Amino acid sequence: MYDKFPFFNKGKAIQNEPTAETGKIPQHVAIIMDGNGRWAQKRGLPRIAGHREAMKTIKRITYEAQHLGVKVLTLYAFSTENWKRPKSEVDFLMRLPEQFLHSYLAELIERNVQVRVMGDMSRIPENTMRAVRQAIDRTKSNSGLILNFALNYGGHAEIIHAVRTIARKVQEKRIAPESIDEQLLANNLLSPSLPDPDLLIRTGGEIRLSNFMLWQLAYTELYFTEVFWPDFKEEDLKSAVYEFSRRQRRYGGIKDKGSENK
Ligand code: V0D
């Protein structure tokens with residue numbers, strides 16, 4: 001690994017090492033954590049064993065991202081489509097936020113991580129919400145990495161929600177239709193205060209976005225890997241970040257992001 005990717009030379013500063021300052025480390029990494037059920041089935045375990053293992057990966061990857069200088073990590077934990085799964089699996093999944101926070105919140109606080117959530121919270125069970133709200137509250141003034149969980153999240157639903165909010169303001173004549181632009185729409189999404197993801201990682205071998213952050217991913221570098229999420233290691237995150245920095249370097253000075261189609 002260190003031979004293939006000299007940037008990550010066991011912390012030794014070498015030329016061209018990507019840093020948060022030179023812009024080669026993605027500020028915002030979003031991850032579709034896929035392959036948990038298949039990871040378990042491959043081992044003859046129930047799917048839920050994969051979800052449990054997935055939480056350990058979240059913890060490890062959060063700290064590695066922080067170590068690399070990533071500022072925001074958004075994780076797709078539950079999509080609006082996931083309600084179609086068997087009730088027993090949905091019930092199990094809904095207990096994971098509580099379990100995750102019970103196991104790791106103290107350590108996240110110690111490491112100055114700020115927990116956030118984006119999605120439609122109206123269908124999330126009350127005890128789950130209580131744990132989530134407490135985590136958000138207890139980490140809200142932390143200044144380290146933002147760990148943003150997409151929970152009951154859907155990209156279409158997010159855009160529809162933004163459009164409704166804007167339509168209401170137009171109806172009330174508080175804004176003119178002509179003043180609706182990209183910035184205004186972005187400001188009404190569920191991630192108004194976050195930069196767009198620089199890098200999207202999808203584990204588990206599927207090569208699609210599955211309704212994740214459709215607006216925000218317009219210019220994001222996409223990275224797909226066959227590795228199942230429970231098997232995704234610190235080295236795999238480094239590989240993705242290395243690939244990102246390589247693509248950025250090739251673009252360097254020629255184009256900036258978003259200029260291709262303008
Ligand atoms: C299962 C892989 C952490 C994806 C990761 C309810 C599917 C493990 C959380 C979590 C899930 C959410 C909010 C929060 C703290 C933790 C989580 C769900 C599923 C869906 F504030 N893992 N995790 N939430 N899985």
Side-chain angles (χ1 to χ4, degrees), residues 26-33 36 51-52 54-83 90-155 157-162 164-165 186-201 211-217 229 237:
Q27 272 200 74
H28 184 175
V29 177
I31 307 184
I32 302 175
M33 307 178 286
N36 303 300
H51 298 317
R52 202 177 292 121
M55 296 200 291
K56 295 185 196 158
T57 306
I58 293 179
K59 184 192 71 160
R60 286 190 287 98
I61 294 306
T62 298
Y63 298 148
E64 183 62 18
Q66 188 163 38
H67 174 72
L68 292 173
V70 171
K71 303 284 186 242
V72 184
L73 183 64
T74 295
L75 302 177
Y76 206 1
F78 193 89
S79 80
T80 48
E81 285 73 38
N82 286 156
W83 294 106
V90 170
D91 288 348
F92 179 86
L93 288 169
M94 282 304 153
R95 272 181 267 129
L96 291 181
E98 241 182 305
Q99 280 184 34
F100 179 88
L101 295 167
H102 178 77
S103 302
Y104 304 127
L105 182 58
E107 203 179 322
L108 292 169
I109 291 171
E110 225 166 86
R111 298 199 188 210
N112 200 24
V113 170
Q114 185 184 133
V115 176
R116 293 200 201 176
V117 167
M118 65 171 185
D120 176 7
M121 297 302 129
S122 67
R123 278 185 80 181
I124 304 297
E126 183 47 39
N127 51 335
T128 305
M129 273 318 296
R130 202 174 309 125
V132 169
R133 270 197 304 267
Q134 198 182 75
I136 294 169
D137 195 60
R138 289 178 64 189
T139 62
K140 63 173 185 260
S141 44
N142 287 355
S143 56
L145 178 129
I146 295 172
L147 178 57
N148 182 36
F149 288 98
L151 194 56
N152 195 21
Y153 173 88
E158 180 186 39
I159 294 170
I160 288 166
H161 177 265
R164 282 191 187 144
T165 307
N187 289 346
N188 284 282
L189 296 173
L190 299 170
S191 58
S193 59
L194 299 176
D196 289 340
D198 304 291
L199 173 64
L200 171 83
I201 299 170
N211 203 19
F212 190 45
M213 299 186 87
L214 296 179
W215 178 277
Q216 297 91 332
L217 293 174
W229 177 248
L237 181 66

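Since the structure is predicted, the reported quantities are computational estimates derived from the model, not experimental observations. Residue indices begin at 1 and follow the sequence shown.
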Query raised in the report: L189 and Q216: side chain to side chain contact (heavy atoms under 4.5 Å, CB included), yes or no, with the steps?
Result: CA-CA 9 Å; L189 296 173; Q216 297 91 332; 3.8 Å; yes

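- Judged as a salt bridge (charged side-chain N to carboxylate O under 4.0 Å, His left out), and not counting sequence neighbours, the contacts of R60 are E234.
- For Y153 (side chain) and M213 (main-chain N/O), a donor-acceptor pair under 3.5 Å exists by modelled atom type.
- Here CZ of F212 is found 6.0 Å from OG1 of T74. Values are rounded to the nearest 0.5 Å.
- When all heavy atoms are compared, the tightest approach of A65 to L73 is CB-CD2, 4.4 Å.
- L75 is listed as a side-chain neighbour of L147, based on a closest heavy-atom distance under 4.5 Å.
- The OG1 atom of T128 sits 8.0 Å away from the CG atom of L151 when rounded to the nearest 0.5 Å.
- Looking at every heavy atom in both residues, A54 comes nearest to N36 through CB-OD1, 3.3 Å.
- In terms of heavy atoms, D137 sits closest to K140 at OD1-NZ, 2.6 Å.
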**Report entry** Candidate pair I109 and T139, rule side chain to side chain contact (heavy atoms under 4.5 Å, CB included), full reasoning
**Finding:** CA-CA 6 Å; I109 291 171; T139 62; 3.8 Å; yes

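- Closest approach of N82 to V90, counting heavy atoms only: O-CG2, 3.5 Å.
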Query - Derivation of the side chain to side chain contact (heavy atoms under 4.5 Å, CB included) call for V117 and I136 - result: CA-CA 8 Å; V117 167; I136 294 169; 4.3 Å; yes

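- At least one side-chain heavy atom of M94 sits less than 4.5 Å from a side-chain heavy atom of I124.
- Under the 4.5 Å side-chain criterion, counting only non-hydrogen atoms from C-beta, N142 is not in contact with L108.
- In this structure, CG on N127 lies 9.0 Å from CZ on R95, to the nearest 0.5 angstrom.
- Residues M55 and S103 fail the side-chain proximity criterion, which asks for heavy atoms closer than 4.5 Å.
- Distance check, rounded to the nearest 0.5 Å: CD1 of I201 to CD1 of I61 gives 8.0 Å.
- A donor and an acceptor atom, one from each side chain of N152 and W83, are located under 3.5 Å apart.
- With sequence neighbours left out, E126 forms a salt bridge (charged side-chain N to carboxylate O under 4.0 Å, His left out) with R133.
- Taking CD of E158 as the start and CH2 of W215 as the end, the distance is 10.5 Å to the nearest 0.5 Å.
- Residues H28 and S191 are not in side-chain contact: their nearest non-hydrogen atoms beyond the backbone lie 4.5 Å or more apart.
- Looking only at side-chain heavy atoms (C-beta outward), M118 and L194 stay at 4.5 Å or farther from each other.
- By the 4.5 Å heavy-atom criterion applied to side chains, Y104 and K56 are counted as neighbours.
- Here CD1 of I159 is found 10.5 Å from CG of L190. Values are rounded to the nearest 0.5 Å.
- Residues F149 and A77 share a closest heavy-atom pair of CD2-CB, 4.3 Å.
- L145 and Q66 get closest at one heavy-atom pair: N-NE2, 3.5 Å.
- F78 is not listed as a side-chain neighbour of L96, based on a closest heavy-atom distance of 4.5 Å or more.
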